[in-house]
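Read through the structure below, which is laid out as structure tokens, and then see the notes.
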Protein chains: 2
Amino acid sequence: MSITGSIKGRSSGKATLASVAAHAGVSAMTASRALNQPDRVSDAVRARVALAVAELGYVPNRAARALASAQSNVIVVLVPSLSNAVFTAVLEGIQDAIGSGNYQLLIGNTRYSDAEEEKLLGIYLQSNPDGILLSSLSHSARVTQMLAACGVPVVSMMDLAGAPGQLSVGFSQCDAGHAMTRYLIDKGHTRIGFIGAQLDERTLRRADGYRKAMGEAGLLDARLELMVGDPSSIALGAELLQRMLAQAPDCEAVFCCNDDLAHGAIYQCQRRGIAVPQQLAVCGFNDLPASAWMTPSLTTIDTPRYRIGFEAAGLLLAAIAGETPPATQIDLGFTLMARESA
Amino acid sequence: MSITGSIKGRSSGKATLASVAAHAGVSAMTASRALNQPDRVSDAVRARVALAVAELGYVPNRAARALASAQSNVIVVLVPSLSNAVFTAVLEGIQDAIGSGNYQLLIGNTRYSDAEEEKLLGIYLQSNPDGILLSSLSHSARVTQMLAACGVPVVSMMDLAGAPGQLSVGFSQCDAGHAMTRYLIDKGHTRIGFIGAQLDERTLRRADGYRKAMGEAGLLDARLELMVGDPSSIALGAELLQRMLAQAPDCEAVFCCNDDLAHGAIYQCQRRGIAVPQQLAVCGFNDLPASAWMTPSLTTIDTPRYRIGFEAAGLLLAAIAGETPPATQIDLGFTLMARESA
DNA sequence: CTGAAAGCGCTTACAG
DNA sequence: CTGAAAGCGCTTACAG
């Protein structure tokens with residue numbers, strides 16, 4: 001009939017492992033075992049502890065566990081954007097790979113900002129994560145230093161790492177940019193424009209691939225490049241198409257660094273009465289759902305974003321477990337989707 | 001010249017508050033104050049502690065702080081989807097409202113599943129959150145019970161709560177569905193179809209509004225309703241449009257429960273040579289970015305999703321701080337965007 | 001298969 | 001403005 005737990009002091013009033021143990025008539029550590037290593041406890045004890053847990057409404061305290069075990073079961077994920085469907089797909093892949101394990105995801109949105117990345121990482125490191133998933137290969141000096149200092153496994157997503165030993169999952173953004181440009185060249189185009197926005201690492205690598213292909217064909221011309229730092233959007237794509245045509249009126253094809261911009265470019269063509277692809281070929285990058293459905297359907301690069309998240313999380317889990325992964329780098333490739341617009 | 005910290009035992013080897021304090025020549029609790037309540041410490045001490053922190057690369061241990069203070073500084077957010085742009089906008093609003101406070105967001109994706117919601121909540125409750133943000137008004141009995149048992153403030157987003165005392169931020173999904181239907185009726189349409197997918201709480205309320213308006217006008221007809229549980233997508237919208245026309249060939253207008261379905265419906269009309277809005281009016285819900293740009297532009301309801309997240313987080317923060325909010329319910333309204341498609 | 005003791009790294013009253 | 005002691009709720013070696 002006596003109340004279990006401290007009468008006074010800082011206790012929360014909630015059931016604790018100790019109260020569960022008392023209720024079940026075992027020691028705290030046996031109660032702990034019954035919950036975390038059920039095989040190492042007798043059937044009777046396991047049942048009594050389970051009953052106590054149910055009757056007391058016991059909820060384990062994760063902070064206490066993390067402190068005592070020096071294992072947080074936390075995985076940090078940093079993505080540059082949440083409004084970009086590419087990264088939400090990556091997150092879904094990660095969530096599916098983490099599955100019903102006991103890991104907790106700490107999802108940070110860096111908004112394409114190095115300063116924000118530093119700030120978020122600083123805060124998340126206080127949770128002593130077991131591993132970290134990043135969306136870029138290069139980072140500020142401070143971030144690089146924090147990553148090294150914390151000493152936990154890191155996997156970079158989206159592109160492939162150049163440096164050996166660095167774990168990465170993705171595909172060559174440069175090769176994909178090259179392949180799309182080559183496709184346009186093979187179609188007979190010589191005046192091929194490149195429209196880039198945000199100018200994040202991935203866009204810059206795609207632009208590298210574009211320049212490489214144009215250079216190889218002797219078609220390079222700086223006036224065919226239109227690069228702005230603003231965030232990508234349909235509206236921006238519409239605006240940039242106008243600017244591209246003003247800047248290079250003889251442009252025959254436009255390679256947009258992502259589908260949002262390409263959609264905007266095509267909508268703009270429709271409004272201005274420019275026939276796609278007859279007067280102007282337009283292509284994008286990522287293959288968002290609308291791309292296959294719009295008229296004309298959009299020629300673009302299908303990217304394995306969901307799988308990138310899934311495989312990256314798998315690789316990280318393996319690294320956390322101390323396994324030596326079969327490879328430090330996983331190339332998931334890309335697919336050129338040739339459709340009506342180019 | 002002696003090494004600070006324990007020689008042996010379970011210590012992590014990382015700098016602790018104790019080692020910082022020793023390095024600065026103060027007690028641990030003075031070091032703690034220097035970091036958390038800098039005003040209550042002398043300038044000299046503050047400077048010495050700051051120096052020690054820098055030299056040792058000290059990173060506070062959040063688990064220890066949470067355990068000692070019984071305050072996690074964690075806020076749990078549960079959304080039904082990450083691929084739905086509506087909820088990523090809600091998340092961005094929340095992130096902006098939380099800002100640079102010391103709160104940590106635990107973002108869970110329930111995938112429109114009650115079972116998943118239960119599971120996630122059970123795990124997240126182990127982190128002793130200070131508050132919870134939910135995307136629905138109604139939940140499974142088990143979730144309702146867990147919510148009550150944990151005793152922390154909860155704010156429901158998207159729709160407005162019926163029950164008094166329940167904190168909610170959003171707009172009346174039913175009223176919005178009613179307004180859109182009424183708009184179509186006022187345009188002279190009598191055979192107005194409703195296409196719904198996923199059949200989550202919000203869609204069902206919009207359907208309620210549709211039925212109410214149709215009923216008021218004496219136009220109700222079950223054959224005009226097409227409701228399926230599949231996840232919304234452009235492809236599904238295209239398919240459901242076909243089914244709607246097969247089921248109700250005399251249909252003059254179609255109200256899609258969200259823009260993704262509406263986009264798919266319009267693309268399907270284009271492929272089948274059905275003129276929108278002349279032969280068939282189509283409207284959607286949410287006003288996604290593409291809706292204003294596509295041809296024809298989409299008539300839809302603009303929903304304040306970013307602000308819902310922002311205001312909900314603000315309300316939750318106030319509740320956590322123990323303030324009595326000016327209102328338990330914040331109605332952010334909606335705007336009907338009349339465009340070309342209907 | 002089970003347990004008594006110590007400790008994880010902080011913060012909270014309580015003093016002075 | 002500063003500090004010695006206790007405690008948050010769990011897990012880790014170490015025994016038996």
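We name chains A, B, ... by the order of the sequence lines, and we start the count at 1 in each one. No experiment lies behind these values; they were computed from the predicted model shown.
Looking at residues two or more places apart in sequence or on another chain, you find a side-chain contact (heavy atoms from CB on, under 4.5 Å) between A:Ala66 and B:Ala63.
Ranked by how close their nearest DNA chain C nucleotide is to the 5' end, A:Gly25 and B:Ala66 are led by A:Gly25.
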Exercise. Given the rule in the side chain to side chain donor-acceptor pair (under 3.5 Å) test, do B:Ser27 and B:Thr30 qualify, once you have shown the distances and angles that lead to the verdict?
Worked result: CA-CA 5 Å; B:Ser27 71; B:Thr30 296; 3.1 Å; yes

For this session: Evaluate the side chain to side chain donor-acceptor pair (under 3.5 Å) criterion for residues B:Arg65 and B:Asn36: first the C-alpha distance (whole Å), next the side-chain angles of each, then the deciding distance (0.1 Å), finally the verdict.
Result: CA-CA 11 Å; B:Arg65 169 192 256 272; B:Asn36 300 315; 2.8 Å; yes

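Within residues 29-37 of chain A, the residues that have a heavy atom under 4.0 Å from DNA chain D are, in order of number, A:Met29, A:Ser32, A:Asn36. Within residues 46-53 of chain B, no residue places a heavy atom under 4.0 Å from DNA chain C.
Put simply, B:Thr16 has no side-chain N or O that comes within less than 4.0 Å of OP1 or OP2 on C:dC8. Remark: B:Ser27 is not in phosphate contact with D:dA4, judged by side-chain N or O atoms under 4.0 Å from OP1 or OP2. In this structure, A:Ser69 does not reach the D:dT11 phosphate: none of its side-chain N or O atoms is under 4.0 Å from OP1 or OP2. Side-chain nitrogen and oxygen atoms of A:Arg65 include at least one within less than 4.0 Å of the OP1 or OP2 phosphate oxygen of D:dT11.
Between A:Arg62 atom CZ and D:dT11 atom P the separation is 12 Å, expressed in whole Å. Taking atom CG of B:Asn128 as the reference point, atom C1' of D:dC8 lies 11 Å away to the nearest angstrom. If you measure from atom CD of B:Gln71 to atom P of D:dC8, you get 17 Å, rounded to the nearest angstrom. Taking atom CG on B:Leu17 and atom C1' on C:dC8, their separation rounds to 13 Å, with Å as the unit. Remark: P of D:dT2 and CG of B:Asp39 are 13 Å apart, rounded to the nearest angstrom. Rounded to a whole Å, the CZ atom of A:Arg40 is 12 Å from the P atom of D:dA13.
Here D:dT2 is the nucleotide among D:dT2, C:dC10, D:dG3 with the atom lying nearest to any side-chain atom of B:Ser42. Considering only the side chain of A:Ala68, C:dG7 comes nearest among C:dC10, C:dG7, D:dT2. Residue B:Leu67 has its side chain nearest to D:dC8 when only C:dG3, D:dC10, D:dC8 are considered.
Here A:Leu121 contributes atom CG and A:Leu147 contributes atom CG; the two are 6.0 Å apart, rounded to the nearest 0.5 Å.
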Exercise. Could you spell out the base pairing of DNA chain C in dot-bracket, with Watson-Crick or G-U pairs whose two distances are under 3.5 Å, [ ] crossing and | to another strand?
Worked result: |||.||||||||.|||

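Checked by atom type and distance alone, the side chain of B:Arg62 never pairs as donor or acceptor with a backbone atom of A:Asn128 at under 3.5 Å. Of the possible donor and acceptor atoms, one in the side chain of A:Ser72 sits under 3.5 Å from a partner among the backbone N and O of A:Val74.
Counting only residues at least two apart or on different chains, the side-chain hydrogen bond (donor to acceptor under 3.5 Å, both in side chains) pairs with a member in residues 141-155 of chain A are A:Arg142-A:Gln145.
For A:Gln104 and B:Ser127, the side-chain atoms include at least one donor-acceptor pair closer than 3.5 Å. At a cut-off of 3.5 Å, with distance as the only test, no side-chain donor of B:Glu117 or B:Ser140 sits close to an acceptor on the other residue.
Closest non-hydrogen pair, A:Glu118 versus A:Met146, comes out as O-CE, 4.0 Å. Of all heavy-atom pairs spanning B:Thr110 and B:Glu116, the tightest one is O-CB, 3.3 Å.
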Quick one: side chains of residues 161-168 of chain B, donor-acceptor pairs under 3.5 Å with protein atoms, not counting sequence neighbours, listed by atom name and distance.
residue  : atom : partner  : partner atom : Å
B:Gln166 : NE2  : B:Ser156 : OG           : 3.4
B:Ser168 : OG   : B:Ala161 : N            : 3.0

